[in-house]
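Data block below; observations after.
Chain A is the first sequence line, chain B the second, and so forth, proteins listed ahead of strands; every chain is numbered from 1.
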Number of protein chains: 2
Amino acid sequence: MSVLGKLRFKDQAFKLREDAILDATTKLLAAKGFDLITMDDVAEEVGLSKPSLYKHFKSKEDLVTEAMIRLLDGALAYLDELPAEMAPVERLKSLLEWALRVRLAGGLPFLPSTNTHVRAVLTQSLRYVTRALKLNRQLDAIVTDAKRKAELSSALPNDVILFSYYARTCDPAVEYLRLFGKYDDDAIVLHMQVVCFAGIGAGSPQPRQPG
Amino acid sequence: MSVLGKLRFKDQAFKLREDAILDATTKLLAAKGFDLITMDDVAEEVGLSKPSLYKHFKSKEDLVTEAMIRLLDGALAYLDELPAEMAPVERLKSLLEWALRVRLAGGLPFLPSTNTHVRAVLTQSLRYVTRALKLNRQLDAIVTDAKRKAELSSALPNDVILFSYYARTCDPAVEYLRLFGKYDDDAIVLHMQVVCFAGIGAGSPQPRQPG
DNA sequence: AAATAAAGCTACTAATTGGTAACATTCAAG
DNA sequence: CTTGAATGTTACCAATTAGTAGCTTTATTT
């Protein structure tokens, strides 16, 4: 094992620890939300002392921002890996399903929904904003394509569709159905897809078979 | 002016102060959220010292619970005053419009959407839970009626419809469209109604003319 | 083995927050 | 006018939290 190998091992250990911290942060953000999560919580969840976290992240805000950046990267990667021949509306449905399943597994939506404080923090990060704009551009293009193919409502402006779509990825109805309903994850995802694309009004629901 | 009149005047002053406190609380809850709102904030907004708030409410939780109860009472009252001959789906649309306009005016949705901490606090109050269940029963009956009249999707279970409906009353897309779009309140309400009842997919939108 | 560097922790600091004690002011009763 | 009650405030308390100083432990280098 060469010196280079040893250095890599140490770097790997550092990275592993960093990922463990980010995992714990994501889990706690989903459970408690940004305003109630504490660095003590994260430290305890990882199994380190609080000051040790500051070897990896310079502040709580830095930590949360990096966790959210990782989520956005996940969504961008997911979009990238969808088959090129997939119809635009199917892309949107697939990403929505992915996001909902992440949430049902205890994860976070890839965009913060309502917390103005989080938003203020995140928009201070160029790395975060760059990714969010990239994702938005890609989804906007997909929406435009889907409209052209009569897959999405042409009566709704793109930004209305996009913001509503984002809101469906973090729809609180998911938690309520989980807590108070009798549905498994597949059923919840299916219903949420219907609600997103066909609404709750009378019409022809367009269910997508769960993957 | 009789002694009784004086007592009533004092009671009125007390009630006026209490309403001012609740107004301030509602405004701050909408702006900062439950976890970031402080009693100092409320006191400053009202123009009293913090300890004075405790003459009216025994804790921060009591204050917030009463503010939310007042909102629920508002929603129940609004439902009550709708014309008896109004179609069920129109009732739902009317209440959604009311809720959205309240929010666009700086107010709060009548049900908390995602904050588990708020929910835990509110469910400790019998007065709150009683009202929430009452509203839910009324809306469930309306949904059942609307389904019978083929106004709502019969493919979606009632609770899916209801939780989605509640989520639309606090849809974060409203804030985003307000912040980043070029829409006035009427347009936002109209779009949100379409998104709620017809979804974002291709179909026949069922716009309701803004009142 | 000794010295140095890196990693990790205990103990601490400053600031904030919900709520209270004690004091001050205003109002009402005698 | 004096006294007591009611209302309101300043100052304070205890607990919590982000972040840091200084100490300890572990790993690496000489």
Side-chain angles (χ1 to χ4, degrees), chain A residues 1-22 24-25 28-29 31-67 115 117-118 120-121 124, chain B residues 1-22 24-25 28-29 31-67 115 117-118 120-122 124-125:
Chain A
M1 182 167 296
S2 67
V3 172
L4 190 58
K6 278 194 174 178
L7 286 176
R8 279 187 183 153
F9 181 78
K10 186 185 290 187
D11 286 344
Q12 285 179 26
F14 188 83
K15 181 63 179 161
L16 279 176
R17 215 157 39 239
E18 191 160 291
D19 280 344
I21 296 171
L22 289 170
T25 303
L28 288 164
L29 281 171
K32 310 181 75 169
F34 177 76
D35 292 327
L36 290 188
I37 189 180
T38 67
M39 297 301 268
D40 275 320
D41 291 335
V42 177
E44 185 179 336
E45 181 71 29
V46 181
L48 294 172
S49 70
K50 181 171 62 173
S52 298
L53 301 180
Y54 292 85
K55 291 279 193 304
H56 295 262
F57 305 96
K58 63 180 188 299
S59 66
K60 177 182 172 182
E61 297 179 344
D62 184 39
L63 172 60
V64 166
T65 300
E66 290 299 322
N115 193 315
H117 186 203
V118 182
V121 170
Q124 296 305 304
Chain B
M1 180 167 299
S2 67
V3 172
L4 191 58
K6 280 194 175 179
L7 286 175
R8 281 185 181 155
F9 180 78
K10 185 184 290 188
D11 285 344
Q12 286 178 27
F14 188 83
K15 181 63 182 159
L16 278 177
R17 215 159 35 238
E18 189 160 289
D19 281 344
I21 296 171
L22 288 170
T25 302
L28 287 164
L29 281 172
K32 310 181 72 167
F34 177 74
D35 292 327
L36 291 188
I37 189 179
T38 68
M39 297 301 268
D40 275 319
D41 291 335
V42 178
E44 185 179 336
E45 182 71 27
V46 182
L48 293 174
S49 69
K50 182 173 61 172
S52 298
L53 301 180
Y54 292 86
K55 289 279 190 316
H56 294 261
F57 305 96
K58 63 180 189 297
S59 66
K60 178 182 171 181
E61 296 180 344
D62 183 41
L63 172 58
V64 166
T65 300
E66 289 300 323
N115 194 314
H117 186 203
V118 182
V121 169
L122 295 178
Q124 296 305 303
S125 161

Residues from residues 34-45 of chain B lying under 4.0 Å of DNA chain D - heavy atoms: none
Separation of atom CG in A:Leu53 from atom P in C:dA7, rounded to whole Å: 15 Å
My understanding is that only residues two or more places apart in sequence, or in another chain, count here; which of them pass salt bridge (charged side-chain N to carboxylate O under 4.0 Å, His left out) with B:Lys55? none
Taking the side chain as everything from C-beta on, heavy atoms only, tell me whether B:Leu28 gets closer than 4.5 Å to B:Thr38. no
Tell me the ring pair (Phe, Tyr, Trp, His ring centres under 6.0 Å) pairs involving residues 36-62 of chain A, sequence neighbours left out? A:Phe14-A:His56
Here the distance between atom C1' of C:dA24 and atom CG of B:Leu48, to the nearest Å, is 16 Å
Please enumerate all residues that pass salt bridge (charged side-chain N to carboxylate O under 4.0 Å, His left out) together with A:Asp62, with sequence neighbours excluded. none
Heavy-atom closest contact (A:Ala67 atom, A:Leu22 atom, distance): N-CD2, 3.6 Å
Tell me which donor-acceptor pairs under 3.5 Å the side chains of residues 42-49 of chain B have, and how far apart each pair is, sequence neighbours excluded?
from	atom 1	to	atom 2	distance (Å)
B:Glu45	OE2	B:Lys27	NZ	3.0
B:Ser49	OG	B:Ser52	OG	3.1

Can you list the residues that meet the side-chain contact (heavy atoms from CB on, under 4.5 Å) rule with B:Glu61, with sequence neighbours excluded? B:Ser59, B:Val121
Excluding sequence neighbours, so at least two apart, what forms salt bridge (charged side-chain N to carboxylate O under 4.0 Å, His left out) with B:Lys60? none
What protein N or O atoms touch nucleotides 12-15 of chain C N or O atoms at under 3.5 angstrom, if any, and at what distances?
none

Does C:dG8 have OP1 or OP2 under 4.0 Å away from a side-chain N or O of A:Ser52? no
Value for CD1 (A:Ile21) from CG (A:Leu16), rounded to nearest 0.5 Å, stands at 11.0 Å
Rounded to the nearest 0.5 Å, how far apart are CZ of A:Arg17 and CG of A:Leu53? 10.5 Å
Kindly point out which of D:dT10, C:dG19, D:dA21 is positioned nearest to the side chain of A:Pro51? D:dA21
Hey, does the side chain of B:Arg17 come within less than 4.0 Å of D:dG8's phosphate (OP1/OP2), counting only N and O? yes
Which residues pass the side-chain hydrogen bond (donor to acceptor under 3.5 Å, both in side chains) test with A:Asp35, sequence neighbours left out? A:Asn115, A:His117
Within residues 55-63 of chain B, the residues having a heavy atom closer than 4.0 Å to DNA chain D are B:Lys55
